[in-house]
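First up is the structure itself, then whatever we jot down about it.
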Amino acid sequence: MFAALRQPLARASAAKPLTRAFSAYTPAQNAVAPASPKLEYLLTETRGRVALVTLHRPKALNALCNGLFVELNQVLKDFDNNKDIGSIVITGSERAFAAGADIKEMKDRQFIENYVEDFLGHWTQITKIRKPIIAAVNGFALGGGCELAMMCDIIYAGDKAVFGQPEIKLGTIPGAGGTQRLVKAVGKSKAMEMCLTGSVNLTAQEAEAAGLVSKVYPAEQVLDEAIKTASKIANLSTPVVQMVKDAINQSFEMPLQAGLTFERRLFHSTFASNDQKEGMGAFAEKRKPNFTNN
Ligand SMILES: CCC/C=C/C(=O)SCCNC(=O)CCNC(=O)[C@H](O)C(C)(C)COP(=O)([O-])OP(=O)([O-])OC[C@H]1O[C@@H](n2cnc3c(N)ncnc32)[C@H](O)[C@@H]1OP(=O)([O-])[O-]
């Protein structure tokens with residue numbers, strides 16, 4: 001019944017291994033090649049039904065240059081289209097999730113080219129990914145780095161993580177959600193303080209207390225914890241998981257009654273799925289459900 005919701009199959013397997021094993025994890029069991037034959041700024045691997053994308057531009061603290069974002073969009077799209085993947089984790093290094101948009105790359109740009117080319121417009125593609133994305137943040141998440149984390153669905157932070165919007169100190173303003181998503185996450189006063197001063201940052205603990213981050217872990221554990229949660233999600237019914245993501249995201253766009261109606265209709269529609277019958281049937285029969293994503 002959910003056939004129409006199924007994601008098209010991506011290539012079944014990699015011709016050449018393009019993934020690099022992340023040190024903390026066992027080798028990928030079902031490594032998936034991204035569409036791009038060469039990744040300059042990212043590492044990717046899979047662990048069961050979880051895709052792990054590591055921002056990897058260490059010399060620039062993972063500053064988000066155009067090439068990095070083009071690669072990120074492509075690999076996320078590939079994982080979103082891969083039926084063997086149920087959720088995605090994005091992480092950076094211990095020192096930096098990302099220290100912002102690449103200042104050196106953009107410093108000489110002009111207004112007209114920004115406007116005509118919709119400079120950084122492609123950053124929002126991440127918000128179109130249907131599968132849940134968890135950001136596992138260590139170190140700096142500044143400017144566009146904080147905005148990238150906020151475009152993910154869940155943020156886990158290492159205890160030394162720092163969130164900030166320093167753009168004003170560069171003579172510009174946040175351009176990918178820092179004045180919008182941040183307000184919804186931490187409230188007006190904190191968002192104003194961060195964006196207006198550019199120097200008031202949130203520690204991981206403050207970010208958790210404010211609601212920007214859902215959990216804080218010791219730095220070396222945050223990625224493992226993100227993968228554990230991603231794995232739990234990935235092993236639920238993928239179409240139903242997507243409905244939850246869709247419904248929660250609609251709460252940012254819709255008035256309450258419209259959002260509640262949207263939610264109710266999606267709830268009704270789950271009863272057309274085998275996974276709802278399996279989930280509720282398994283509960284009644286006191287066994288674990290075996291979801292088949294249809
Ligand atoms: C989406 C639209 C709106 C978004 C706008 C933004 O995000 S605006 C941005 C908002 N973000 C900011 O304003 C934060 C800018 N960054 C900083 O303030 C500091 O790097 C730090 C405090 C994060 C770390 O200080 P630290 O002393 O520990 O380290 P370090 O400083 O020595 O850096 C190591 C190397 O990384 C380089 N690099 C770092 N960030 C960027 C970048 N964004 N760009 C380019 N390069 C960057 C840095 O130049 C250096 O390279 P070099 O010179 O050796 O070739």
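Order of listing sets the numbers, starting from 1, for every ligand and every atom in it. Side-chain atoms are counted along with the backbone in the values below, which use heavy atoms only and exclude waters and symmetry mates.
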Check: Which parts of the protein, at residue level, reach under 4.0 Å of ligand 1 through a heavy atom?
Finding: K59, A60, L61, A63, R95, A99, G100, A101, D102, I103, K104, M106, L120, W123, F140, L142, G143, G144, E147, P166, E167, L170, G175, A176
Item checked: K188/E193 ion pair, N-O < 4.0 Å -> no
Check: Salt bridge between R49 and D84, side-chain N to carboxylate O under 4.0 Å?
Finding: no
Next item on the list: Please name the residue in the list E105, H122, E71 that meets the side-chain hydrogen bond (donor to acceptor under 3.5 Å, both in side chains) test with N66.
Entry: H122
Notebook entry, point to check: Is the shortest heavy-atom distance from the side chain of I173 to the side chain of I168 under 4.5 Å?
Noted result: no
Next item on the list: Tell me whether the centres of the aromatic rings in F271 and F267 are closer together than 6.0 Å.
Entry: yes
Note to self: Could you check whether any side-chain N or O of K131 sits under 3.5 Å from a backbone N or O of I85, counting only pairs where one atom can act as donor and the other as acceptor?
What the structure shows: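 Yes; at least one donor-acceptor contact below 3.5 Å.
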